[in-house]
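Single-structure report; data block below.
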Amino acid sequence: MTVLTWKIGGPAGFGIMSAGPMFAKALKRSGYSVQGYPEYPSIIRGGYNCYHITFSNESVFSVYKRCDILVALDKVVFDNEDITENMTVIADFDSIKLSEDIVCKKIHIPIKNILKENDFPDIVKNSIALGASAKLLGVDENIVFKLFEESFPAKVVNMNIEAAKKGMQYCENVIQNNFKPDDKVKDYLVMTGNEAIATGAIKAGVGFYSTYPMTPASSILHYLAGVAEKYGIIVKHTEDEIAGIIMAIGASYAGVRAMTGTSGGGLSLMTEGVGLAAMIETPLVIALSQRPGPATGMPTWTEQSDLKFVMNISQDEFVRIVLTPGDLKELFVMTFEAFNLADKYQVPVFVLTDKFLSESHFCVDNLEYDGLEIDRGYIFEGDESKPMDFFPRYKEFKNGVAMRVNPGTPGGLFKAPGNEHDDFGFVATDSKTRIKNQERRFRKENYIKDELPLPKLYGNENAEITFVCWGSTKLPLMEALKFTEKFNFIHFSAVNPINWEDVKNIFKGKKLVAIETNFTGQLASIIAEKTGIVIEDKFLKYDGRPFFVEEILDFVERGR
Amino acid sequence: MTVLTWKIGGPAGFGIMSAGPMFAKALKRSGYSVQGYPEYPSIIRGGYNCYHITFSNESVFSVYKRCDILVALDKVVFDNEDITENMTVIADFDSIKLSEDIVCKKIHIPIKNILKENDFPDIVKNSIALGASAKLLGVDENIVFKLFEESFPAKVVNMNIEAAKKGMQYCENVIQNNFKPDDKVKDYLVMTGNEAIATGAIKAGVGFYSTYPMTPASSILHYLAGVAEKYGIIVKHTEDEIAGIIMAIGASYAGVRAMTGTSGGGLSLMTEGVGLAAMIETPLVIALSQRPGPATGMPTWTEQSDLKFVMNISQDEFVRIVLTPGDLKELFVMTFEAFNLADKYQVPVFVLTDKFLSESHFCVDNLEYDGLEIDRGYIFEGDESKPMDFFPRYKEFKNGVAMRVNPGTPGGLFKAPGNEHDDFGFVATDSKTRIKNQERRFRKENYIKDELPLPKLYGNENAEITFVCWGSTKLPLMEALKFTEKFNFIHFSAVNPINWEDVKNIFKGKKLVAIETNFTGQLASIIAEKTGIVIEDKFLKYDGRPFFVEEILDFVERGR
Amino acid sequence: MKAMEFNSGKIPVWCPGCGNFAIWNAIKGALADLELNGKDVVNVSGIGCSGKMLNHLRTYGFHTLHGRTLPVATGVKLSNHKLTVIVNGGDGDGYGMGAGHFIHAIRRNLDITYLVHDNHIYGLTTGQASPTTDKGLKSKSTPSGVIDEPLNPLAVALNAGAAFVARGYSGEVEHLKELIKEGINFKGFAYIDILQPCVTFGKKYSYEYYDERIYKLDESYDCTSFENALKKVWEKDKIALGIIYKIQKDEYTSLHPQIKEKTLLETTGKIRDISEELQSFK
Amino acid sequence: MKAMEFNSGKIPVWCPGCGNFAIWNAIKGALADLELNGKDVVNVSGIGCSGKMLNHLRTYGFHTLHGRTLPVATGVKLSNHKLTVIVNGGDGDGYGMGAGHFIHAIRRNLDITYLVHDNHIYGLTTGQASPTTDKGLKSKSTPSGVIDEPLNPLAVALNAGAAFVARGYSGEVEHLKELIKEGINFKGFAYIDILQPCVTFGKKYSYEYYDERIYKLDESYDCTSFENALKKVWEKDKIALGIIYKIQKDEYTSLHPQIKEKTLLETTGKIRDISEELQSFK
Ligand SMILES: Cc1ncc(C[n+]2csc(CCOP(=O)(O)OP(=O)(O)O)c2C)c(N)n1
Ligand SMILES: Cc1ncc(C[n+]2csc(CCOP(=O)(O)OP(=O)(O)O)c2C)c(N)n1
Ligand code: SF4
Ligand code: SF4
Ligand SMILES: [Mg+2]
Ligand SMILES: [Mg+2]
């Protein structure tokens with residue numbers, strides 16, 4: 001076995017969402033590569049929550065359907081999980097009705113009794129389970145205790161340590177695996193996609209972040225709010241998403257690196273604002289974390305179904321950059337570069353993610369690279385000799401791009417107008433001006449194209465099947481690639497604007513299969529639109545879950 | 001000469017926008033087919049307004065660049081119009097500086113003096129000009145006087161008649177044309193595209209129309225508001241477009257035929273609402289009158305640049321019907337049918353128009369057809385025996401469609417949820433339900449396809465060039481078709497969902513040229529997306545003006 | 001129908017002790033007391049813990065978008081004014097995202113009942129500050145403490161022209177039930193702000209907090225006086241429960257001759273003769 | 001700079017006699033009197049006749065979307081609080097579409113000046129009813145007369161917690177200029193509703209109408225009293241001009257330690273060392 005999977009489940013409110021990630025970190029600190037995937041409903045109490053960890057001594061990328069070790073904190077787990085013979089299940093089997101009928105490798109921990117005997121509150125159930133899991137998997141208990149110290153209020157640390165120790169008592173036999181922990185990995189980072197976006201933005205010097213909370217984008221807001229004072233960022237939870245994007249545009253107009261982030265419903269409300277940013281050519285970075293819709297849809301689940309929405313959002317036509325990173329590194333670097341692109345080309349830049357990528361935990365060696373540099377584009381420095389002069393803010397300076405001016409600059413006066421306008425920003429509707437502007441604004445595409453990454457081939461060049469994917473679907477494919485040579489895949493980490501002639505070359509001679517978590521195959525649509533290449537074979541999933549590794553392998557085995 | 005063109009111009013506030021249409025009607029009542037096209041800026045006073053009429057004894061469809069007779073109510077006209085030698089210009093040349101330098105056929109009318117001598121207010125300038133124009137073109141003066149009676153408050157009718165008579169005095173020579181007025185035409189209708197939409201909606205039994213005013217869609221609101229009490233319609237100007245669409249959805253949910261209408265900016269604000277209508281499967285008709293953007297753009301000009309926005313609006317994916325009528329008849333009938341489609345398939349139905357089609361005047365023989373019938377789709381009639389029972393409102397009844405229920409129906413209780421849901425409308429996020437719903441909702445497309453019109457070929461089957469167009473671009477092509485056999489054209493009066501395999505057949509063997517008033521060629525993009533057929537030749541215009549007939553003929557002459 | 005019969009059969013997923021349970025019971029009780037039939041009631045709910053009310057009532061229901069309850073309710077009521085329309089939403093939903101609709105719904109005075117579950121916090125999205133959150137509160141989106149002044153929604157409503165302004169409390173179910181009945185019976189826009197403890201995220205605004213401060217308005221209070229009402233809504237320390245302001249104003253449906261007799265649902269949706277209309281274009 | 005020097009050079013396209021001319025002059029005069037330099041002023045304008053102000057001022061300018069002036073102004077001011085930010089918008093723009101932003105901007109009390117050109121009508125889109133249009137008015141969108149109650153925006157503002165509420169009038173340019181100066185000097189959100197006759201579509205609200213009813217608040221009026229202010233804004237028949245309410249409250253930028261010294265513009269936009277941040281993920 002090259003990977004193991006562990007899962008903890010229980011009702012909402014049981015602390016699954018803190019226990020899971022903590023155990024992922026414990027495994028990482030033990031020298032294993034980890035990937036953690038949460039599932040939960042949009043309810044504060046009562047629904048079923050679970051957290052699935054994949055780990056190995058080799059790199060792991062994504063989540064399996066399979067669960068090797070299941071921690072069942074409550075009987076609801078048995079209603080929600082398929083228990084199989086080979087599964088190791090940690091539970092208080094005494095408190096489960098008809099537990100005799102459950103066929104699996106049982107590890108019984110009398111949680112109820114432990115709580116009662118030690119006068120522990122319910123909430124330490126997790127710690128008992130983590131203790132047991134640690135023991136079972138050979139995780140050093142001090143790693144667990146250290147994590148408790150880092151995570152819990154001082155006064156409850158000891159109680160949790162005690163609880164974990166009790167759990168350990170009931171669990172002697174270490175699961176057999178031939179993993180050799182890797183010392184390098186101990187120093188890796190474990191973080192969510194949203195954390196990679198937030199840290200990328202911080203690195204890039206973001207000054208202003210404004211939005212309205214919306215799952216699964218909210219944790220970007222929370223993260224940035226948490227460090228706002230430390231880094232001197234202004235972070236605003238506004239009255240609605242309209243104000244969220246418009247405030248960010250105001251900030252950007254004033255010269256500050258500004259960003260907003262939301263999910264599809266919020267982006268719907270931001271629609272008009274996106275066009276405003278485009279028309280006044282004010283840089284703007286928009287993180288979009290997708291979830292299934294339409295409308296409120298399935299708030300806590302995942303899908304890649306807003307790509308075409310983003311490609312065509314807002315009335316009329318304008319250049320927008322659409323980045324579709326597929327892992328932590330890409331998220332971090334592309335968020336960083338998104339600010340440069342926005343500043344250099346003065347267009348809205350979307351960084352797309354989805355609930356799976358945004359809220360799951362992944363392992364990465366490091367995110368500090370040399371070579372990350374800030375480029376603010378062309379900015380007019382001012383002319384003290386004629387401070388009150390108007391400046392041709394919308395006159396082409398280079399490559400379709402005009403010079404920005406920060407208000408306050410002497411001699412840089414201009415109007416930033418949602419209306420069509422002359423070089424100075426005054427309303428103009430004559431035919432010539434309109435044509436000049438549209439052509440200039442679109443000319444930028446020619447230059448942006450050269451800066452964006454082309455889709456990249458992963459795996460054996462000559463495999464039978466070539467999956468075509470974007471965004472987070474890279475991850476299950478990377479994981480599946482470990483097990484077969486039958487497929488390779490092409491991953492788009494940017495969709496617009498890119499050089500489609502080059503894409504055609506990359507596609508040449510390959511048996512293409514579109515793989516996306518949406519109903520229609522949106523990237524496939526865009527490929528047809530841009531190249532005329534119609535990908536007939538599609539492997540689509542639209543149930544709110546990411547592709548599980550087994551599903552990909554099955555598909556490949558079936559030969560389609 | 002087969003058509004003549006007449007134009008009146010002056011500053012905003014001079015009444016150009018009432019004089020122009022009035023004269024169009026006068027010509028129609030004289031037995032000529034007419035087409036009237038207004039241009040004006042988004043300013044109440046001071047900008048340049050003009051109204052261009054094309055007329056003939058044969059059907060006319062669209063506007064020419066050429067102007068044969070120009071009525072210049074003010075000197076600004078000379079700054080805005082290219083005066084040519086062959087033009088007949090009606091103006092008060094005395095009050096124009098350097099009028100000697102203007103080379104054209106001058107008809108001098110001392111408007112200023114007439115006003116002074118008769119103690120007329122400025123506003124009757126128009127009537128003087130109309131009198132002169134009528135004389136010049138051989139329009140019976142009684143037709144003009146009758147129109148005054150119909151249009152002006154009783155107390156000023158006589159004054160305007162007197163003014164018109166003065167104008168006539170200065171204009172004896174009738175322009176030479178060999179038009180034979182057609183008596184049938186006298187009974188035709190002259191109306192704008194928005195009026196065709198409004199009357200189509202009235203015919204269809206619309207009960208609720210709510211929106212926020214936005215040029216060029218506002219006149220639908222104004223028209224419906226004007227007849228609301230007469231026909232028992234509720235028409236609401238809401239606090240914003242968000243409320244506009246959401247109220248309409250509420251009305252539709254309650255069982256009433258509901259509609260909203262706006263332009264691109266307003267639609268941006270309605271984005272989230274469109275997805276809501278789709279998710280709760282509540283019928284909704286949305287009229288979209290396009291104007292150039294992005295953002296506020298050029299509010300009073302025309303473009304066809306929201307097609308892809310509409311095709312992809314709102315998060316995630318859902319079936320939407322996109323109708324793109326090209327003339328009054330299509331607007332009327334398709335608006336009527338839009339309500340049937342919405343009711344039968346419980347999806348949002350867009351009726352696209354643009355400023356050119358919405359606000360220009362066109363001639364049509366009649367709009368009352370036999371065969372227009374109302375189909376409200378499947379509605380649960382209730383079950384008195386168990387009034388408080390929940391009803392499976394979202395369970396497939398036929399063709400992907402479930403039965404609607406109007407609240408108040410016994411035994412029809414259900415929840416209309418923006419969330420993903422079970423058959424009764426209660427929140428559900430399990431994999432199976434989600435898949436079932438997405439598949440059911442999309443299944444409707446298969447049936448809608450068979451109901452929507454396929455693109456239609458106009459002109460000689462074997463012409464050298466085949467233009468591909470949608471919406472209002474049909475009109476200049478129809479007009480240009482009178483002069484050459486070199487091209488024919490394929491007009492899409494519906495874009496989604498249609499049977500694309502059939503479209504491929506229609507395209508077969510043709511040298512296609514996309515012709516659209518937008519920058520990127522949006523229909524061409526959609527064609528590539530849906531069929532893989534990439535139309536390389538594009539004739540695009542994106543300056544806020546419709547295609548003028550001469551431009552099309554030039555293009556055809558140039559051979560591309 | 002009895003109150004219990006208004007249960008939908010779905011088990012509520014609110015946290016144990018949540019103030020929403022009481023509101024649920026009050027609504028069911030009010031519907032029962034008024035002898036309404038669930039089929040004639042439309043419950044329009046926002047998005048939030050508050051909005052989940054929808055799932056638990058045996059009535060027609062509409063789960064709107066976040067912040068959009070009132071426009072939906074307006075469309076429904078104008079289309080079929082025989083229906084009883086009850087709106088549930090949160091403080092984030094109604095006073096944040098929906099603040100504009102709130103003001104404009106008040107201006108219309110349409111006969112609907114608007115219940116705001118005011119827990120001074122965003123419940124469902126795990127505890128961010130809402131427009132009624134106090135200054136200084138530390139939340140996920142305001143870890144250094146809220147710096148925006150909290151909104152007094154009742155004061156705003158009064159001054160936007162509301163004809164019925166009341167305050168209820170989850171800790172006083174019977175009283176709340178009576179308020180909701182008054183709201184439903186009121187011919188116009190009946191707005192009830194409900195103090196609803198959120199036991200999971202609402203730190204300060206607990207049952208204890210309220211129990212120490214609330215008092216009920218009684219006969220001696222003249223709720224037709226705007227001055228009285230203003231004083232009540234700006235009262236510090238103590239919190240008045242009951243109908244704070246109630247006057248008679250033109251109800252909105254009554255201003256539509258279109259629906260004087262029959263509902264819009266009954267009169268429209270049929271093919272119309274438009275020959276007269278077309279004549280005017282000749 | 002002199003008032004005249006604040007002309008942009010573009011010729012205004014308002015109707016002759018439009019109240020916007022006076023507002024234009026008052027703004028220019030105020031900027032001149034305060035010895036502000038146009039380069040340090042950002043004028044944020046809405047969409048409407050009112051919004052066209054932007055084109056006529058020799059300052060930085062931002063022509064927003066309809067209804068979205070205040071969020072733009074907030075972003076600008078927080079990013080560079082050394083700028084003077086003046087917002088112009090219409091009654092449709094600000095009280096209709098923008099009502100939610102209005103309420104929430106008030107809660108923040110950010111140091112900007114908000115001028116609402118209140119002509120009780122939609123000017124630019126040819127005369128539809130606005131939220132401040134009287135009941136009964138017949139307009140293109142309400143041909144049988146408005147049936148919504150008109151909004152009293154000053155009363156709403158006061159009760160939403162506004163710290164500076166004033167009323168000006170196009171017929172009193174000097175007085176208006178002084179108000180705008182006070183507004184700019186006020187450290188917080190200065191809201192001035194300006195009675196602006198629309199000579200083309202504004203039927204009732206003419207100069208004559210106002211001239212008969214207005215009076216100016218003088219020394220004897222205590223504008224720090226909330227009760228006084230409430231009385232003033234609800235006054236019938238007569239219309240008070242001047243500062244109706246003014247109190248000192250925490251100004252919003254001052255609550256941000258991030259911009260205590262330098263502006264956000266100066267301190268951000270540079271690459272940051274995040275090694276400490278990353279450490280926490282290990
Ligand atoms: C457009 C949009 N933005 C954000 C959200 C996410 N969201 C759902 S409920 C909610 C806040 C709920 O707070 P409140 O209205 O006070 O309700 P409570 O849960 O406290 O009852 C948010 C931010 C959403 N559903 N839609
Ligand atoms: C989203 C959107 N909806 C509608 C419009 C059209 N529109 C522009 S200005 C305006 C009304 C202006 O009224 P007001 O704010 O009172 O300004 P005034 O012209 O009276 O100064 C409208 C409806 C728009 N530009 N954007
Ligand atoms: S989070 Fe608060 S409001 Fe939501 S259910 Fe729990 S206690 Fe109630
Ligand atoms: S329409 Fe009214 S507000 Fe607009 S410019 Fe004319 S007078 Fe002024
Ligand atoms: Mg709340
Ligand atoms: Mg106005």
Side-chain angles (χ1 to χ4, degrees), chain B residues 11-15 17-18 40-49 76 122 209-230 232-244 261-266 268-269 293-297 299-300 359, chain D residues 10-18 20-21 45-52 54-55 62-68 91-102 119 121-131 133 138-148 151 198-202:
Chain B
F14 265 49
M17 291 308 146
S18 60
Y40 61 98
S42 180
I43 293 173
I44 300 301
R45 280 291 173 94
Y48 177 62
N49 283 11
V76 300
D122 265 17
Y209 186 84
S210 53
T211 192
Y212 191 84
M214 185 162 196
T215 308
S218 306
S219 51
I220 305 172
L221 169 67
H222 300 157
Y223 191 95
L224 290 175
V227 300
E229 292 193 6
K230 178 169 169 194
I233 306 166
I234 289 188
V235 178
K236 286 284 154 231
H237 163 180
T238 53
E239 57 269 30
D240 59 17
E241 284 90 349
I242 299 178
T262 186
S263 187
S268 277
L269 291 168
T296 309
T300 57
E359 296 196 343
Chain D
K10 299 273 161 189
I11 297 160
V13 286
W14 295 306
C15 308
C18 171
N20 282 320
F21 286 100
S45 280
I47 303 286
C49 292
S50 40
K52 297 201 184 290
L54 174 106
N55 296 321
F62 192 128
H63 211 168
T64 67
L65 299 169
H66 188 43
R68 311 302 167 201
D91 44 333
D93 187 271
Y95 304 147
M97 185 79 75
H101 304 312
F102 181 45
N119 55 6
I121 205 81
Y122 287 16
L124 188 64
T125 46
T126 67
Q128 298 89 349
S130 94
T133 300
K138 296 190 157 107
S139 80
K140 283 185 177 172
S141 58
T142 58
S144 318
V146 171
I147 56 174
D148 300 22
L151 191 70
C198 166
V199 296
T200 302
F201 299 108

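Below, chains carry the letters A, B, ... as their sequence lines are ordered, and counting in each starts from 1. Heavy-atom basis, side chains included; hydrogens, waters and symmetry copies ignored.
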Region of B/Leu269 that comes under 4.5 Å of a non-hydrogen atom in chain D: side chain
What part of [X] is in contact with chain B, defined as an atom under 4.5 angstrom from a non-hydrogen atom: side chain, backbone, both or neither?
| X | answer |
| --- | --- |
| D/Ile47 | side chain |
| D/Thr200 | side chain |
| D/Ala129 | backbone |
| D/Cys49 | side chain |
| D/Thr64 | backbone |

Between [X] and [Y], is any pair of side-chain heavy atoms under 4.5 Å apart?
| X | Y | result |
| --- | --- | --- |
| D/Ser130 | D/Tyr95 | no |
| B/Glu359 | B/Thr300 | no |
| D/Lys52 | D/Val13 | yes |
| B/Thr296 | D/His63 | no |

Option that, when pairs with chain B are counted at under 4.5 Å, heavy atom only, ranks first among D/Gly92, D/Gly96, D/Cys18, D/Cys15: D/Cys15
Chain B interface, residue from D/Trp14, D/Phe201, D/Tyr122 that has the most non-hydrogen pairs under 4.5 Å: D/Tyr122
Aromatic contact, B/Tyr209 with B/Tyr223 (centres under 6.0 Å): no
Heavy-atom pairs under 4.5 Å with chain D, option from B/His237, B/Glu239, B/Glu241 with the top count: B/His237
Between B/Ser42, B/Gly47, B/Pro41, the one whose heavy-atom pairs under 4.5 Å with chain D are most numerous: B/Ser42
Heavy-atom neighbours of D/Lys138 NZ exceed 12 at 6.0 Å: no
Pairing residues for D/Ile147 by the side-chain contact (heavy atoms from CB on, under 4.5 Å) criterion, not counting sequence neighbours: B/Lys236, C/Tyr252, C/Leu255, C/His256
